[in-house]
Every structure is written in structure tokens, then in C-alpha cells.
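To start, the structure under review is shown below, and the notes come after it.
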Amino acid sequence: MSRLERRTVFGAMAPIREEECTPDIFMVAGFGNTGLVITEEGVVIIDNTPMTSSRAVDIIRERTEVPIHTIIYTHGHGDHAFATAPFVADAKERGHPKPRIVAHELVPKRFDRYQKLSSYNRYINRIQAGRGYTRPKGDEQFMPADIVYPGITYSDAMQFKLGGLTFELYYYMGETDDGTWVWIPERKTAIVGDLMVGVCPNIGNPFKVQRYELEWAEGLEMVAGKNPDFLIPGHGRILKGKEIQEICLDTAKLLRYIHDEVVRLLNEGCWIEEILERVKIPEDLANKPWLAPVYGCPTYIIHGVHRRYTGWYNGNASEIFPAKSAKIAAEIVKISGADSLINHARKLQQEGEIQLALNVVDFAIKGTKDTTKRKAALLLKAELLDARAEAEVNTIASNIMLVGAEEAEQEANAL
Ligand SMILES: [Zn+2]
């Protein structure tokens with residue numbers, strides 16, 4: 001299988017499908033999920049996702065003629081808030097009032113930040129989401145031009161009624177600092193965005209700003225406390241009945257467990273490398289399918305908690321102002337020669353020590369200017385990363401490895 005075929009492309013051609021909670025509340029699923037609530041007075045839409053919103057408009061219009069009244073963003077991520085335009089266009093076409101756009105007060109600040117770091121954000125998302133490797137030129141656009149900023153924002157909680165239903169909006173921090181989850185008490189339905197994604201929460205993402213494990217746990221416990229009959233998550237299928245409690249509370253338990261372990265080990269004087277080694281996830285949580293480490297994973301969560309409470313010093317005084325890694329590697333090459341490093345990496349590869357082989361071959365790549373040897377080392381690195389990606393269950397990590405393999409191969413072929 002080629003490297004291109006092995007990528008996990010997030011949201012690629014996700015088949016658009018519908019799922020129902022009650023006859024008036026349903027979900028349209030694509031890359032992310034869109035919640036649709038139809039009342040006699042208007043439609044409330046929770047989230048929107050690229051390539052899905054036009055179909056969602058058709059689905060609404062197959063069922064009702066009432067205006068789209070309110071669009072809520074559960075947070076400001078692209079798969080939840082960047083595809084509002086088709087709903088606004090529907091209102092315009094029909095001569096309806098423009099829908100209200102409601103979100104937490106930090107969502108506009110997030111959009112501003114995305115504009116400031118547009119090219120960078122597009123770049124890291126392309127790597128994370130398996131969309132291929134191209135170095136940014138500095139002027140790429142991350143947000144589509146037709147993005148709609150919220151017109152109504154709130155800080156802690158907000159409530160409105162429409163067509164006999166109550167919409168309670170609650171602020172929480174978790175994957176972002178601008179999260180909203182929605183509770184409709186008359187239908188015992190929670191529409192929660194990425195507070196629930198059905199797999200291990202993506203805290204401590206390798207590319208992204210700080211995320212909030214304890215508050216995420218609190219949010220999940222609050223949702224469980226409402227005892228919902230239905231839960232529409234940010235991604236994945238609708239959860240129903242008893243499983244909602246189990247999945248929400250297990251996820252909260254994992255987050256609290258990792259948080260407490262990192263804090264305990266910090267207080268024992270451990271530095272990050274030792275913390276990563278010593279935190280062990282209890283069996284009963286590690287094997288739950290809804291905590292599968294395919295998107296977030298415990299290692300990332302440890303990094304996330306660690307970053308929240310500490311600086312970047314790693315405990316080794318040699319590395320507070322280290323020599324450049326290429327200079328260190330050049331010294332290693334002077335001692336042993338690039339060939340012996342490459343041969344040793346090959347030996348480690350044969351012994352199944354792929355990660356160690358990668359770390360060794362990096363010395364040869366960084367430390368030698370000899371074209372033939374560099375090329376051999378780069379091609380070995382590509383081979384090792386391909387093998388590592390093949391065995392890796394975490395999709396973000398395997399996408400990073402495949403991009404790394406592609407880079408190494410391109411560099412080797414350019415020599
Ligand atoms: Zn999402």
C-alpha cells in the first residue's frame with residue numbers, strides 16, 4: 001500500500017448520513033455532526049461541518065418550511081463552525097430573517113487568532129488530518145472567506161425558548177476554552193459538540209494550544225448528571241440511554257486519573273521523561289472501546305497536563321542551553337562514522353527496535369555532509385517511519401510519521 005493510501009484523512013468523503021433521536025431532533029453526520037431541532041416556530045442548528053451543510057439544508061426543507069431561527073457553535077473549530085453560509089443563504093433565498101448565530105464569547109477571539117496564524121494553522125492541520133505535505137508559503141488561508149462570526153455571545157450560561165422547547169446553553173472548557181453544550185430538557189437530549197467524540201479525548205494534541213482535562217471531566221459529569229435519553233456527540237453515532245452515563249463517566253475518570261498521576265509525580269520530583277514512563281492506565285479503563293487511543297491518547301494527555309503546570313525544562317542541566325542537534329550529531333559521527341551508525345540502525349531494525357533505530361539514524365542524517373551516506377540514512381529513516389506508522393494506532397501520530405517519511409524520501413531523492 002502506498003504512503004498516500006495509508007494516511008488517515010480526517011473527514012475524507014465521510015458519507016453524509018442521518019440519525020434520529022426523536023421525530024423533531026436529529027443529526028446529520030459528515031466530517032463532524034450537525035444537530036437539527038425542528039420546532040413550529042423555527043429550526044435550531046447546533047454546529048455545521050464542511051461539505052455537509054448544503055445537504056443539511058435539503059434535509060430540513062424536506063421536513064419543514066419554517067425559518068432557520070438560531071445556529072449555535074459548540075466551539076470555534078473548523079469542523080463545527082466554518083460552514084454556516086448555506087444556512088444563511090437558505091434564509092436569504094426564502095426571504096426569512098437572518099438566523100441568529102450564538103456562541104461562547106471566546107469564539108470570536110479564536111477566529112481572530114486563526115486569522116493571525118492562518119498559514120501556520122493550515123499547515124499543522126494538513127499534517128494532523130493526513131491532507132498531505134506542503135511547506136507553507138506564509139499566506140495560505142485557514143478559514144474560508146464566508147465564515148460567519150457569532151452575533152450573540154454569552155459567558156457562563158444562556159437559555160432561550162422556541163416552539164415549546166427550551167434550549168439551555170452551558171459553557172465548559174475541554175478541547176477548547178470556548179465550549180458550549182446544549183440541553184433540551186423536554187426531550188432529555190444533550191447536544192455536546194466535542195465534549196464527547198466517542199474515543200480518547202484529544203488533550204495535549206502535539207500541535208495545538210492548551211486543552212483542559214479537569215474541566216472536560218467536569219463537563220462530562222454535568223452531562224451525565226442530567227441523565228439524558230439521547231446524546232448527540234461532536235463526532236460518531238448518537239448515544240442512547242444507559243450507555244451515556246457509562247461513556248461520559250469512564251471518560252471523565254480517565255482524565256481525572258491522568259491529571260492526578262501527573263500532579264503526584266511532579267510533586268515527587270519527576271521530570272517529563274520519567275512521568276511518561278511511570279503513568280500506567282488501569283486495565284479497566286485501558287480496554288474500553290470508547291477510550292480507544294486512536295485520536296487522543298494517554299501520552300498526549302500526560303503532555304497536556306504537564307504543560308499546563310510546568311515550563312519546558314526537562315531536568316537535564318546540559319539541555320537548558322544545548323548545542324545545536326546537528327553539531328552534537330557531527331561529533332557522534334566523528335567518533336563512530338556515519339556508516340556504523342547506519343549499520344547499527346539496521347541491526348536495531350532487524351531486532352524490531354524501530355523507534356531506537358530512528359533515533360540512531362537521525363545522528364547519521366544530521367551529522368554527515370557526505371551525500372551518499374546522507375542519502376542512505378534518509379532512505380532508511382523513511383523505511384523506519386513507514387514501518388512505525390503501519391503499527392501505530394494513533395491516527396495523528398501515524399499521519400505525522402507518514403509526513404516525516406515523505407519528507408525524508410524527498411530530501412534523499414533531491415541529493
Ligand atoms: Zn470536532
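All residue numbers in this chain count up from 1 along the given sequence. As the structure lists them, so they are numbered: ligands from 1, and atoms in each ligand from 1.
- Scored by the side chain to side chain contact (heavy atoms under 4.5 Å, CB included) test, R346 finds Q349, L380, E383 as partners (sequence neighbours excluded).
- At a cut-off of 3.5 Å, with distance as the only test, no side-chain donor of Y212 or Q210 sits close to an acceptor on the other residue.
- Going from atom NZ of K366 over to atom CD1 of I332 covers 12.0 Å, rounded to the nearest 0.5 Å.
- Side-chain contact of Q245 with N227: a donor-acceptor pair under 3.5 Å is present, judged by distance alone.
- Around the Zn ion (ligand 1), the protein atoms of type N, O or S found under 2.8 Å away are D79 OD2, H80 NE2, D194 OD2, H235 NE2, listed by chain and number.
- Aromatic ring centres of Y73 and H80 lie farther apart than the 6.0 Å criterion allows.
- Seen from the ring of F160, R100 counts as a face-on cation partner, given the 6.0 Å and 45° thresholds.
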